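Input: a single structure, listed below in C-alpha cells.
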Amino acid sequence: MSPRRINFLLVEDDHDHAILVQRHIDKTRLGNVVHRVKDGEEALAYLRREGSYVQSPRPDVILLDLKLPKYDGHEVLAQIKNDPDLRCIPVIVLTTSAAEVDRLKAYNLDANSYLVKPMNHDEFSRMIEELGRYWGGWNQPSEERARS
Amino acid sequence: MSSGQANSNRKSVGRRVIQGMAFRCVFALLILSTIALSGYLVNRNKSRLFRGYQQLVSLSGRQRSLIARAGLFATRIGQTSDVAERQKLKSELDELISELVDVHGVLLNGSDELKIAPAPPAVRGIFMRPPHELDRRVQSVVATLRKVVGQEGSETSDEERTIKTAVELVMDEQLLAAMEAVVKTYEVESGRSFARIRKVETVIALLTLVVIVVTGLGVFWPMVRQVRSETDELENFNAVLDQRAVELANTLQALELERDERRSRMQAMASVLEDLEEERGKLEREIQARQLVQDALAASEQRFYAIIESAPTAMVMTDNQGMIVLVNAETERLFGYEREEILGEQIEILVPERFRQEHPESRTGFFTSPETRRMGVGRVLSALRKDGTEVPVEIGLNPIETEDGLFVLSAIVDITERKRHEEILRQSEERVRSIVDSALDAVVTIDEVGNITGWNPQAEVVFGWSAEEALGQPMAKLIIPPNWRKAHKAGLARFMQTGTGRVLNQRLELTAMRKPGVLFPIEITISPLRVGDRYEFSAFVRDITARKRAEEEIKRINKELQRKNNEMQQFVYTVSHDLKSPLVTCRGFVGLMKEDAAEGRWDDVLDSVARIERATQRMGDLIEDLLQLSRIGVIRNDPEVVDVEKLLGSIAEELAERLQQANARLEIQTGMPTVYADRVRLAEVFENLLSNAIKYGCRSGNGCITVGGKKADGEVLYFVKDNGPGIAKEFHQKIFGLFQRLESNQEGTGVGLAAVARILEIHAGRVWVESEAGHGATFWIAFPVPATADQGPVDSEPEQFEAVLVTHVTSVSANTSTT
C-alpha cells in the first residue's frame, strides 16, 4: 500500500519560487500543496485558523522560506515550535541561503530539516521527491494522533 | 691502781660470766627439747590408737552387713525356681561367705597388712566364751550358708529346710548381741587407753613449767647481777680519767703562750729585712729607666729617618739659609738627582727659573713667621727636574725647631696624575651636560626635599619656565598639577624612609602642568641617583600630547574599520542571498521549459519565458540599486547650503506622473529651513521617501503626501508624511535594513530606505519613522546644524576628535582639575 499523499503548507513570498515548488510536488504525485502563504503573519494566521482560515485543513508538513516580509522565517519557526498545538508539525526550511548562521539558527529553533533551493532543475526534482517519500512515510502515525 | 690491771680484771670477769651463762643456757635447752620429744611420742601413740579403734569398728560393721546380706541371698535362693538365677545367686553368696570368713579372721587374729593388732583378751572372751560364743555362731552360719550353696539337685524340702535354718541363724538375736558386745568392748578399751595418755600429757606439761622456772632463776638472775656490778666499776674509772685530762690542758696552755711570744719576735726581724730589699729594687729600676730613655731616643731618631726615607712623597729638609740638608728616596726619583748631587745645594735648584728670583724672599718670609702649611692649601706650583722638565706639584711645609736652629721639612707631591684625572672628569661632565642639554626630552633633577637642581633647555621648552626661574624652586609647585602634589610629597618621603618607590624606574604616563597652568599628558621615567651620601632624582619627561592625539585617532579609525567590516559582511551575505533568488527562478523555469517544450505544452513554455524575463529584470534592478548604494559614501560631493524648498519643487516635477497615476496629492510647506549638505544625496533621500509614500502610502486612491521642515535643538528636521495604512511599531527599525520589505507583491528591491539611512549616517544625522497601523506614516530626517557657517557637517571629524581627546585627557588625569 503506497503512503497517502501528504499535504504541504508552502510559506513563500516569491511567487515564481512557489510555482516551481508546486510543479515539482505535482510531478512526484506524492503530495498536495494545500495552501501557499506569502509571509510569516499569514502563515501563522493559517496555522492557527484565524480570520478567513477557520476552515482550513491542517498541513502534514510546512515548507518555510526564510526571507519573508514582516516576520522572517526564523521568527515564524520559533512561533510554531513554541505553540503546543503546532509543535508536532514538521517544519522544513526551504531557502536560497546556504549561510552557516541561517542553518544553525534554524536547527537551534528545532527545524526538522534545512534544504537549500537547488539551482539545477534535476536536483530540484530529486529533492522534492525525496522530501515527499521521507515525510509521507514518516507522517502517518502523527496524522493519526492529530485526528484523535 | 693502774689502768692495765683494771682492764685485765674486767676482761677475766666478763669471760667468766659469759661462760657461766652459756652453760646454763645449753642445759635449759636440753631439758626443754627432751620434754618436747616425749610430748611428740605420746601424741603419735594416741593417734595410732585412735586409727586402730576406727578400723575395728568399721570391720565389725562390715561383718554385720555381710551376715545380713547372706541371709537375704539365702531367702532369695529359696524363693527362686529359675535354675540359672539360683546359680547366679549362689555364686554371689559364695563370694559373700568367703569375705565373711576373712573379716572374722581379721577381727579375731589381727592383720599385719591392715596394721590391726590381735583382739585383746576381753574381746577374745566375747568370741570364744559363753554367753556370746561369737566365733561358734559365725562358723555355724558360714557352714549352713555353704550348705545352701552346695545343695544342688537334692530334694527341695531339704533345701528349703537348710535355707530356713540359715535364715534363722542369721536372724538370731544372740549373734547380733555378740557383735554389738564386741564393738562396745573395743570402745571401753580405747577409752581406757585415752585416759592413760591424758595423764602422761599432764605430767609432761607440769615438768615443762618447772623447767622454765628453774631456768629463769638459775640462768638469768646471775646475769643481771653481773652486768650491774660491771657498770659501777666503769663509772669509777671514768671519773679518774676526767681529772687527768684537766691537768694536761693546763700544761698545754702554758706551752702555747711561750710559742706566740717567739713568733712575734721573728716577724719584727723580717720586716726590717724587707725594707732593705725594697730600697735596693728602687735603685735598680732607676738605673733601668735611664737606660730605656737613652735607647728610645736613639730609636726615635732612627725611626724618624726611616719614615722620611720611605715616605711616598718627596721630602726635603732645608736649614734657615735654604740649604738642603736631607732628602729621601722619593725626592731622588721625582727630581732625577742622586742624593749626593743636591745635599748641600740651595733649595732654588729645584725651582723653575722663572720663579727663582722671588723664591728666596718668600722663603725668608716663611722663616720669620713659621707655621705649618698643609698640603693642598697653597696654589699649584711647579718644580724643576734635573733634566730641565717641569712637574706640577703641591708642597706642604713644616717648620722643625732643633737645638741647631730652625729647619723646614717640605713634602713635595707630584700631582701630574691627579691633574690628568681631573681633566678627564671635567671632560666627562661636559659631555654629559652637552648630552642632557641637547636631549629632546626634558631632563629635570631634584634633591631629596624636591627642589629643582637640574633643568635642561628642553625642560624650558616643555614647561615654559627658564632655567633661572626653575632652579632651586620646589618642583611640585612648578610642574605637578595641584591634585597630585600631595601624592608626590608622600612618595618622596616614602622613598627616603624605605628606599623604595612605586613610580621609580618605569615608564609612566602622567599629567604635567606647564607655565600658565595648562595641563598636558607626559611620559616620564624617574630614577633615584646616589650622589655621595645624598639622593637625587632625575626625570626624563616627554610631552606626548601629539602621540595621545594620534593614538586616539588610531583607536577611532580602528573602531570605524571594525564597524565597516561588519557592515560589509552583512552586506555581502544579504546580497548573495537576494541575488540568488532570481537565479533560482531562472534556472528552475528553464528546466520546466525544457520538459514542457518536449511535451508540446507551449502555453506553459511561454509562461516560463515571461517569468524568466521578469526575474532577470529584477536581478538587473537589484544590481543597479546596489551600485547606487555602494556609491554613497564613496563618491562625496562638497556640501553646500541647499534650498530644500527649491529641491523638492524639482523632485515633485519628476514625480508628477506617478502621483497622477496613484491619484495622490503632494503638499510642500513653505518657509522650510535650508540645510548644509550634499545636494545630490539629499535629493536621493527625498526621492526615495516620496517614492515610498506613493508606493505604499497612497494605495487607497486619495492619498495625500505632506513635506515640511523646522529647526530644533541644533538640528534641521524634515518630514515626509502620508495618510496610508501606516507601519506597525515592531517594523519601525527593520524597514531601514537592506532588502527588508514588508510586502512581497509590491515592486521594489528593499534598498531605498537602506540608502536613506546610509546617507543620513554620513551626514551625522538621523532618520526614523513615526507611525501607527491605519494612521499613515511620517518619516523624519534630521541634520546637525554646524557650529560655524564655514564648517560643514561633512568635515565634522576634527571637532569630534577634540571632544574625544578632551574626555580621554580627563580620564587619564582622573583627579586633575582642569584649569
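Just so we're clear, the structure is a prediction, and the values are computed from it rather than from any experiment.
The candidate from A:L66, A:V101, A:D102 with the greatest count of non-hydrogen atom pairs under 4.5 Å with chain B is A:D102.
Taking the charged nitrogens against the carboxylate oxygens, B:K734 and A:E75 do have a contact shorter than 4.0 Å, which makes a salt bridge. Note on A:R23 versus B:D596: salt bridge recorded, some NZ/NE/NH1/NH2 to OD/OE distance being below 4.0 Å.
Separation of atoms CG (A:L20) and OG1 (B:T585) is listed at 6.5 Å; rounding is to 0.5 Å. We find the CG-CZ distance between A:D16 and B:R614 to be 6.0 Å, quoted to the nearest 0.5 Å. Here CG of B:L592 is found 7.5 Å from OG of A:S125. Values are rounded to the nearest 0.5 Å.
Within a 6.0 Å sphere centred on NE2 of B:H775, other residues, nucleotides and ligands contribute 12 heavy atoms or fewer. The environment of B:K594 atom NZ is sparse: at most 12 non-hydrogen atoms of other residues, nucleotides or ligands sit within 6.0 angstrom. Around the CD atom of B:E657, the shell of radius 6.0 Å holds no more than 12 heavy atoms that belong to other residues, nucleotides or ligands. Other residues, nucleotides and ligands place more than 12 heavy atoms under 6.0 Å from the CD atom of B:E761. Heavy-atom neighbours of B:E613 CD from other residues, nucleotides or ligands within 6.0 Å: at or below the threshold of 12.
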Taking distance alone, no hydrogens or angles, what donor-acceptor pairs closer than 3.5 Å link side-chain atoms of residues 659-667 of chain B to residues at least two apart or in another chain?
from	atom 1	to	atom 2	distance (Å)
B:N663	ND2	B:G701	O	2.6
B:R665	NH1	B:E667	OE2	2.6

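The shortest side-chain heavy-atom distance between A:T95 and B:K580 does not fall under the 4.5 Å cut-off.
In this structure, chain A has no heavy atom under 4.5 Å from any part of B:D607. At a 4.5 Å heavy-atom cutoff, the contact between A:V116 and chain B is made by side-chain atoms alone.
The shortest non-hydrogen separation linking B:S581 to A:D14 is OG-OD2, 3.5 Å.
Sequence neighbours left out, the pairs with a member in residues 17-44 of chain A that pass ring pair (Phe, Tyr, Trp, His ring centres under 6.0 Å) are A:H24-A:H121, A:H24-A:F124, A:H35-A:Y46, A:H35-A:Y53.
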